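Accompanying notes for the structure given below.
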Amino acid sequence: MVSEAIRPRGRPAHTPGTTVLTYTPNGRHVVTGGSNSAIRIYTVGQDGEPKTVDEGVDGHLGIGATNDSFIMGAEDGTVWQYEVGSGRMDKLLVRCALPVRDIAVSKDGEWVAVASDELTVKIVNLDDMTKVKYLREQAKGTKHVTFDPSGRYVSVSCTDGIVYIYSLLSEEPELVRKLDGVIQRLEAEDETTSRVVWHPDGTAFATAEATRDISIFSTGEWNKEKVFSGGHNGAVTAISWSPNGALLATAGADGQVLLWETKTQKVVKSYDFSNVINLAWHPTSNSLSFTTSDGELFIYDGIVPQEYQPLLQKPLQAAPIFPGPLADISDNVRRPMVSRPKEADRKDRAGSPDSLDDILGSDQGMEDFVDDDDGAGYAEGMNGLGKRSNGHLDDIEGHADKRLLTSFSKPKIHQPLQPGSTPWRGNRRYLCLNLTGAVWTVDQETHNTVTVEFYDREMHRDFHFTDPYLYDRACLNEHGTLFSNNPTDGSPASIFYRPHETWTTRSDWRTQLPQGELIRALALSDSYVVAVTTKDYVRVYTLFGTPFKVYRQKSPAVTCAAWRDYIMTIGNGPLGSDGRTASLRYTVENVKRDEVCQNEDVVAIPEGSDLQSVFFSDSGDPCIYDSEGVLLVLQHWRSPGQARWVPLLDTKQLERLATGRKEETYWPVAVAQDKFHCIILKGGDRYPYFPRPLLSEFDFRIPISDTPGKSAPEADAAADEGAKHEEAFVRGNVMLSLFQDVLTSTNATASQRAELARKELELDKILLQLLAVECREGEERGMKALELVQLMKDRNGKMVEAAVKVAQRYGRGVLEDKIRDVAERRYMGEGDDDELA
């Protein structure tokens, strides 16, 4: 029998009044502030006296911390940053004309939000205080401000009882929702809380209502989903989620601190502590700290009783807005393909999918089951199709196709890949994520709910629907959304397409594949729908559902991509003697003209690496991204037999990784506007999760030499500059050739021809910059300098004239004469200079 934790004693920290506290994210320190000027820094695990900072001002009302610093907001309107280790006052971040009421630090430690009695909330960059964002929509002063865990949203609780939710996805914050009636009207000095407290998974937040209940609201829809009721007999003064979201701690004016299990919304333990006004969980340990209006700090180690400690030890749990916790947050969750137990055995959420017949008895009444909230017709034609699919499974055929070499170990082949999708993580997954928006689904046990969100909400409106088909693949573009499912109960696989705009009553369509044929990957272009299947068929449909072409590809299908009239299919190559596939093979075809551009050529993936994504760029060039972090583009792909894979970016050579301090990978999204668009994954994550993360973009940089800026301090600056120009020259040649291929395959417009000339000129300018670097190095570099001039395309001779002037500036007389000879041979009709003078 394990005894309960010893009730902690109060530690006098400040004079009576508002007392605030925070943990540093690493859990090593607790920092408190109060009505007096002193600031206390407690070291976790030590009972000695805290470090005291007396440089502060009176009346600390807001507090936040990073691992290295903490930020205090005071009644005099100042917000100061201090060092955690020394307690030294570092700098004044911002000054407000009225008292500061709350402080919030973003999870990445880059921004601090400052709420005050002013109408405007300021968000200040901690590294550069001149970078400030403003939240201006409030009509009254702000009592609380909080960031969601991803930094995507920031919430503002005002004294008039209105919550403002801003999106931080764009450069300027955008008000996405104004929630009235979610919190109660309070004065800024009231001890009752109206704070929006975000769940650690970012999909929901908790607030205290005037009824003393705790309400849970979902993000995106901003609807009330659950209520923690019957707990407090007095006003709620503080709310805090446990780090994994499995428990909720609340404090009230009734002198109670309650622990709730979030899954059941039931109180599991209550403690008597009076006047508690702030709560904070330790980031990793079974410990809860709280402060009182008496100026005391309590650090309650072991506050979760022994019988409930397994809840605290679980990984990140889902917010209590959908059934089912995130029992397994592995990136490779695969649920066993077995029948679900009957009702009496369904207590374990880890059970796998069942058919809807097990739940409903039959298909009768399916129309009443489906919630078609946007009138798109999802509830039609359900008989024979409302079956539980294998949407939870990443591998369609399981191990059936891996028994080819029964006397050896199972063949190593590349598994089917749906670009832009992620595996199940708990009960959620992305079906598609690209520059248009995102399609994501949530497992509701008997059905799924699908949400389609757009980045450009002025062009398209978001929509969601109840999904009894259990779609497991999706594609999204500016024109429509494409779905497919693979039922496990013998029903045919189906494809469903819904256009975003239509001038007829109904223009969406659904088609079924032959019995026993499942879908491995989908693609959607402006002209066609493409599906590759388990029978290695490539099925092509028009956008309005007309079957256009069916053929069997030569290699077992892995994935596909589409752009306008072009489709690209990828399959496993032949198996070697060791039972491993030797390579991936790709084919590029113009469907409309029935022309094969590249036929069963090799995908350039190094040994031991995997293909992570395949897509067409915004200009129509096939691109791949591999597990080594390299982005490649297919050059000269319109000419049969001429295609080759060219690296555009090696993410392992990014300057942000040069120090070795950052541990991050990149999840590919798109290539557009000559940039690589991706999602930055930190902490060993392999796939993005919810809420939808921010997109990042990187310029192309072909790996020519070591990362610029990584060289030793004593390295030659000229060599570093030259390396940058050399990379720009190689990259410019690649981009120019891609553009030339477009012009030769189409009827070039006048603007395109002008763009071609501009690109050639930019390339010559890079060569001119390289020439200047060589000239500065001395006469011994003259032969390379002359070679650079010969590489110029220079249609009118102006760049060669500029090269002469560069040679003159640096006093390279011999080089100047050689360049003039080049000009004479090139422009006086004596032919091209094919070799060095």
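What's counted below: heavy atoms across the whole structure, side chains too, no hydrogens, waters or symmetry copies. As the structure is a computational prediction, the values presented were derived from the model and not from experiment.
The ring pair (Phe, Tyr, Trp, His ring centres under 6.0 Å) test applied to W645 returns Y586, not counting sequence neighbours. Among residues two or more places apart in sequence or in another chain, the salt bridge (charged side-chain N to carboxylate O under 4.0 Å, His left out) test is passed with R88 by E83, D90.
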With side-chain contact (heavy atoms from CB on, under 4.5 Å) as the test, would you mind laying out the steps for T559 and Q418 before giving the verdict? CA-CA 6 Å; T559 188; Q418 179 62 43; 5.8 Å; no
Check step by step if side-chain hydrogen bond (donor to acceptor under 3.5 Å, both in side chains) holds for E628 and S609. CA-CA 6 Å; E628 295 293 316; S609 299; 3.1 Å; yes
Which is it for K798 and E801 under the salt bridge (charged side-chain N to carboxylate O under 4.0 Å, His left out) test, yes or no, and what are the steps along the way? CA-CA 5 Å; K798 291 184 177 180; E801 290 178 9; over 6 Å; no
Should S617 and S619 be marked as a side-chain hydrogen bond (donor to acceptor under 3.5 Å, both in side chains) after you check the CA-CA gap, both sets of side-chain angles, and the distance that decides it? CA-CA 5 Å; S617 68; S619 56; 3.2 Å; yes
Please evaluate residues F454 and L476 with respect to the criterion side-chain contact (heavy atoms from CB on, under 4.5 Å), reporting the C-alpha separation (whole Å), side-chain torsions for both, the decisive distance (0.1 Å), and the verdict. CA-CA 10 Å; F454 297 93; L476 176 69; 3.8 Å; yes
Which is it for E816 and R812 under the salt bridge (charged side-chain N to carboxylate O under 4.0 Å, His left out) test, yes or no, and what are the steps along the way? CA-CA 6 Å; E816 178 185 346; R812 308 296 178 225; over 6 Å; no
Please evaluate residues K818 and E787 with respect to the criterion salt bridge (charged side-chain N to carboxylate O under 4.0 Å, His left out), reporting the C-alpha separation (whole Å), side-chain torsions for both, the decisive distance (0.1 Å), and the verdict. CA-CA 10 Å; K818 295 288 186 181; E787 180 187 56; over 6 Å; no
Show your reasoning for whether salt bridge (charged side-chain N to carboxylate O under 4.0 Å, His left out) applies to K784 and E726. CA-CA 13 Å; K784 181 177 180 181; E726 287 172 351; 3.1 Å; yes
Go through the steps to decide whether T665 and R686 satisfy the test side-chain contact (heavy atoms from CB on, under 4.5 Å), and finish with yes or no. CA-CA 8 Å; T665 55; R686 294 179 55 205; over 6 Å; no
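Atom CZ of F690 sits about 4.5 Å away from atom OH of Y430, to the nearest 0.5 Å. Here CZ of R95 is found 6.0 Å from OG1 of T78. Values are rounded to the nearest 0.5 Å. One distance of note links NZ of K765 with CG of L770; it measures 15.0 Å at 0.5 Å rounding. How far CG of L736 is from CG of D741: 9.5 Å, rounded to the nearest 0.5 Å. One finds the CZ atom of R644 at 12.0 Å from the CD atom of Q598 (value rounded to the nearest 0.5 Å).
A distance-only check finds a donor-acceptor pair linking the side chain of D148 to the backbone of R152 [under 3.5 Å]. Although no hydrogens or angles enter the test, the distance criterion places no donor-acceptor pair under 3.5 Å between the side chain of S639 and the main chain of Q642. For the pair N434 (side chain) and G437 (backbone), a donor-acceptor distance under 3.5 Å is present. Remark: the backbone N or O of A748 is paired with a side-chain donor or acceptor of R753 at under 3.5 angstrom. No donor-acceptor pair closer than 3.5 Å links the side chain of T587 to the backbone N or O of N599. With D565 contributing its side chain and V591 its backbone, the two residues share no donor-acceptor pair below 3.5 Å. In this structure, the side chain of T24 engages the main chain of H29 through a donor-acceptor pair within 3.5 Å.
Salt bridge status for E172 with K133: absent, with no side-chain N to carboxylate O gap under 4.0 Å. At a threshold of 4.0 Å, the pair E755-R758 counts as salt-bridged, since one of the basic side-chain nitrogens sits closer than that to a carboxylate oxygen. A salt bridge links K675 and D699; the closest N-O separation between the charged side-chain nitrogens and carboxylate oxygens is under 4.0 Å. Looking at E760 and K793, no side-chain N of the basic residue comes within less than 4.0 Å of a carboxylate O on the acidic one, giving no salt bridge.
Between W637 and Y566, the ring-plane angle classifies as perpendicular under the 30° and 60° cut-offs. Ring planes of F676 and Y625: parallel class, angle under 30° (limits at 30 and 60°). Ring geometry for Y82 against F70 counts as parallel: the plane angle stays under 30°, on a 0 to 90° scale with 60° as the upper cut.
L694 and L168 make their closest contact through CD2-O, 4.5 Å (heavy atoms, listed as atom of the first residue, atom of the second, distance). Residues H414 and N572 share a closest heavy-atom pair of N-OD1, 2.9 Å. For the residue pair R731 and F700, the shortest heavy atom distance occurs at NE-O, 3.3 Å. Between C775 and A807, the shortest heavy-atom distance links the atoms SG-CA, 4.4 Å. The minimum heavy-atom distance between I704 and E727, with the atom names listed, is CG1-CA, 3.9 Å. Across I103 and G64, no two heavy atoms sit closer than the pair CG2-N, 3.8 Å.
For CZ of R564, the number of neighbouring non-hydrogen atoms (other residues, nucleotides, ligands) closer than 6.0 Å is 12 at most.
Using a 4.5 Å cut-off on side-chain heavy atoms (C-beta onward), V646 and L632 make no contact. In this structure the side chain of L649 reaches within 4.5 angstrom of the side chain of L654, judged on heavy atoms. Between I123 and L135, some side-chain heavy-atom pair lies under the 4.5 Å cut-off. Side-chain atoms of L433 and I679, non-hydrogen and from C-beta on, do get closer than 4.5 Å to each other. Using a 4.5 Å cut-off on side-chain heavy atoms (C-beta onward), P703 and P647 make contact.
For the side-chain contact (heavy atoms from CB on, under 4.5 Å) with F698, the lone residue among I680, L631, T651 that qualifies is I680.
A side-chain N or O of N67 and one of N26 form a donor-acceptor pair less than 3.5 Å apart. Judged by distance alone, the side chains of D108 and S106 do bring a donor and an acceptor atom under 3.5 Å apart. For S737 and Q635, the side-chain atoms include at least one donor-acceptor pair closer than 3.5 Å.
Because its NZ or CZ atom is both nearer than 6.0 Å to the ring centre of Y455 and within 45° of the ring axis, R692 counts as a cation-pi partner of that residue.
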